[in-house]
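Values below: every heavy atom of this structure, side chains too, minus hydrogens, waters and symmetry copies.
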Amino acid sequence: MKILEFVEFMGSISEPPLFAYSIVVYSEGSQIFTARTRARLNRKNDLESSELEQVALIPKYAFQPAVSERFTRAISTDQSFVKRPCLSSYSTIGVSPDTSVAEELLQEVEVCEMLRRHPHPNIAVYNGCEIEEGRITGLCFQKYTESLQRRLNPGHLGKGMFAASSKHFDHEWCSRIIKGVKDALYHLHTLGLVHNDLNPANIMLDTNESPILIDFGSTRAIGQSLEDVGRTPGWYNFDVKTAETSNDLEALTEIDAWMRGRTSDLKFDE
């Protein structure tokens with residue numbers, strides 16, 4: 001058994017909430033399964049089969065959609081970052097198998113193919129789909145140095161706590177980062193797209209310290225519904241339910257305040 005992903009869930013009865021269970025995704029040979037466990041996976045390297053509940057096989061078609069001839073094919077190298085679908089969201093509820101993970105991957109491929117046709121220096125270079133047996137197993141991008149989140153906040157402080165201690169950052173450097181991301185967003189918007197999940201973890205830095213916008217899993221056409229679209233708490237307005245260009249620009253303003261230590265300007269709750 002090889003653990004691929006896990007997500008912890010906390011109970012809501014006690015204060016503070018206590019650990020309830022984890023959803024774990026693991027592989028055995030070429031097959032991938034999802035299950036629940038009461039074990040604390042962040043404290044264990046191994047799981048016994050007796051510790052697993054509600055075990056279910058995840059069929060390949062549920063997360064590896066069939067490739068289209070329209071899509072670019074790529075071979076991953078040491079210079080590539082391969083984004084693979086997140087399987088911890090796979091649902092075992094219902095009679096029909098959950099294919100939402102595969103559908104979300106196809107949605108992102110369509111966006112990335114458009115960006116490949118219309119590149120921008122501040123948007124991640126997409127090299128194409130990684131293919132196995134006629135199915136998409138991942139999306140290949142150029143590898144970048146590190147994220148803005150990791151560069152500025154390696155201690156993983158909460159947003160407000162970090163902002164309160166970030167006033168010492170070079171404001172000229174911050175302005176250059178914000179301008180580069182804004183340019184990337186305007187390019188997306190001219191293509192009729194909204195990123196919808198702009199946050200410091202989705203901004204990479206290249207070897208020249210230029211900001212690079214990544215992760216287009218939440219990107220949708222302007223005006224499209226955001227129901228069931230994943231976004232990062234603390235970096236968006238919970239009341240907004242459609243893809244609007246203001247979603248990105250407001251998130252960028254939040255990042256600007258976060259970097260410059262303007263705690264009073266932070267608007268979004270974590």
Side-chain angles (χ1 to χ4, degrees), residues 7-10 12 15-17 86 89 104 107-108 111 120 122-124 146-205 209-270:
V7 178
E8 290 191 340
F9 291 87
M10 311 303 286
S12 57
E15 185 61 42
C86 175
S89 63
E104 289 169 5
Q107 171 94 27
E108 187 166 5
V111 170
H120 187 277
N122 295 109
I123 291 180
E146 62 183 339
S147 70
L148 185 66
Q149 174 75 19
R150 183 178 180 126
R151 168 68 66 84
L152 299 185
N153 188 20
H156 306 290
L157 296 176
K159 188 175 74 170
M161 185 178 295
F162 170 85
S165 65
S166 66
K167 296 180 181 180
H168 65 281
F169 288 133
D170 185 318
H171 282 236
E172 184 177 343
W173 184 86
C174 292
S175 295
R176 188 164 60 82
I177 296 298
I178 293 298
K179 181 183 183 305
V181 177
K182 182 180 290 187
D183 290 346
L185 294 174
Y186 281 157
H187 182 73
L188 266 187
H189 297 167
T190 61
L191 297 174
L193 300 172
V194 181
H195 188 276
N196 293 308
D197 193 24
L198 184 65
N199 66 79
N202 284 341
I203 300 169
M204 300 298 290
L205 300 173
E209 294 283 286
S210 294
I212 305 294
L213 184 63
I214 66 166
D215 195 344
F216 305 98
S218 301
T219 300
R220 296 292 185 271
I222 294 174
Q224 192 171 344
S225 170
L226 295 180
E227 183 178 359
D228 297 326
V229 173
R231 293 181 283 173
T232 303
W235 301 101
Y236 73 96
N237 184 343
F238 287 92
D239 295 328
V240 175
K241 306 299 182 183
T242 57
E244 306 294 343
T245 57
S246 57
N247 298 355
D248 291 344
L249 299 179
E250 289 178 359
L252 185 61
T253 298
E254 191 84 349
I255 292 173
D256 193 18
W258 174 78
M259 287 199 299
R260 299 178 192 272
R262 298 198 304 261
T263 55
S264 61
D265 291 341
L266 295 175
K267 299 194 315 182
F268 303 143
D269 295 329
E270 294 184 81

Flag side-chain contact, heavy atom, 4.5 Å: [X] against [Y]:
{"X": "L252", "Y": "I178", "result": "yes"}
{"X": "D265", "Y": "T253", "result": "no"}
{"X": "L185", "Y": "L213", "result": "yes"}
{"X": "M259", "Y": "L148", "result": "yes"}
{"X": "I255", "Y": "I177", "result": "no"}
{"X": "V181", "Y": "Y186", "result": "no"}
{"X": "T263", "Y": "W258", "result": "no"}
{"X": "N247", "Y": "N237", "result": "no"}

- Should D183 and N122 be marked as a side-chain hydrogen bond (donor to acceptor under 3.5 Å, both in side chains) after you check the CA-CA gap, both sets of side-chain angles, and the distance that decides it? CA-CA 7 Å; D183 290 346; N122 295 109; over 6 Å; no
Output all residues satisfying side chain to side chain donor-acceptor pair (under 3.5 Å) with [X], sequence neighbours left out; order by chain, then residue number.
{"X": "T190", "result": "none"}
{"X": "E146", "result": "R151"}
{"X": "S147", "result": "none"}
{"X": "K182", "result": "none"}

Atom pair [atom1] ([X]) and [atom2] ([Y]), whose distance is rounded to the nearest 0.5 Å:
{"X": "S210", "Y": "K179", "atom1": "OG", "atom2": "NZ", "value": "10.5 Å"}
{"X": "N199", "Y": "T232", "atom1": "CG", "atom2": "OG1", "value": "4.0 Å"}
{"X": "E209", "Y": "W173", "atom1": "CD", "atom2": "CH2", "value": "6.0 Å"}

Show every donor-acceptor pair shorter than 3.5 Å between a side-chain atom in residues 216-225 and any protein atom, with sequence neighbours excluded, or say none if there are none.
unit_1 : atom_1 : unit_2 : atom_2 : d
S218   : OG     : G230   : O      : 2.3
R220   : NH1    : G217   : O      : 3.2
Q224   : OE1    : A221   : N      : 3.2
S225   : OG     : E227   : N      : 3.1

- Task: Would you sort out whether I212 and I123 count as a side chain to side chain contact (heavy atoms under 4.5 Å, CB included), showing the intermediate values?
- Result: CA-CA 5 Å; I212 305 294; I123 291 180; 5.8 Å; no
Listed by chain and number, what are the salt bridge (charged side-chain N to carboxylate O under 4.0 Å, His left out) partners of [X], not counting sequence neighbours?
{"X": "K267", "value": "none"}
{"X": "R150", "value": "none"}
{"X": "D215", "value": "K83"}

So which atom in [X] and which in [Y] form the shortest heavy-atom distance, rounded to 0.1 Å?
{"X": "L198", "Y": "W235", "answer": "O-CB, 3.6 Å"}
{"X": "H195", "Y": "N202", "answer": "CE1-ND2, 4.0 Å"}
{"X": "L152", "Y": "F162", "answer": "O-CE1, 3.1 Å"}
{"X": "I203", "Y": "P211", "answer": "CG2-CB, 3.9 Å"}
{"X": "G160", "Y": "L266", "answer": "CA-CD1, 4.3 Å"}
{"X": "D248", "Y": "H189", "answer": "OD2-NE2, 2.8 Å"}

- Write out all pairs satisfying salt bridge (Lys or Arg N to Asp or Glu O under 4.0 Å) with one or both partners inside residues 155-164, taking only residues at least two apart or from two chains. K159-E254
Which pairs of donor and acceptor atoms, one on a side chain in residues 238-246, lie under 3.5 Å apart (sequence neighbours left out)?
unit_1 : atom_1 : unit_2 : atom_2 : d
K241   : NZ     : F238   : O      : 3.0
T242   : OG1    : E244   : OE2    : 3.0

- Query: With a cut-off of 6.0 Å (strictly less than), are more than 12 heavy atoms of other residues, nucleotides or ligands near CZ of F268?
  - Reply: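 More than 12 within 6.0 Å, yes.
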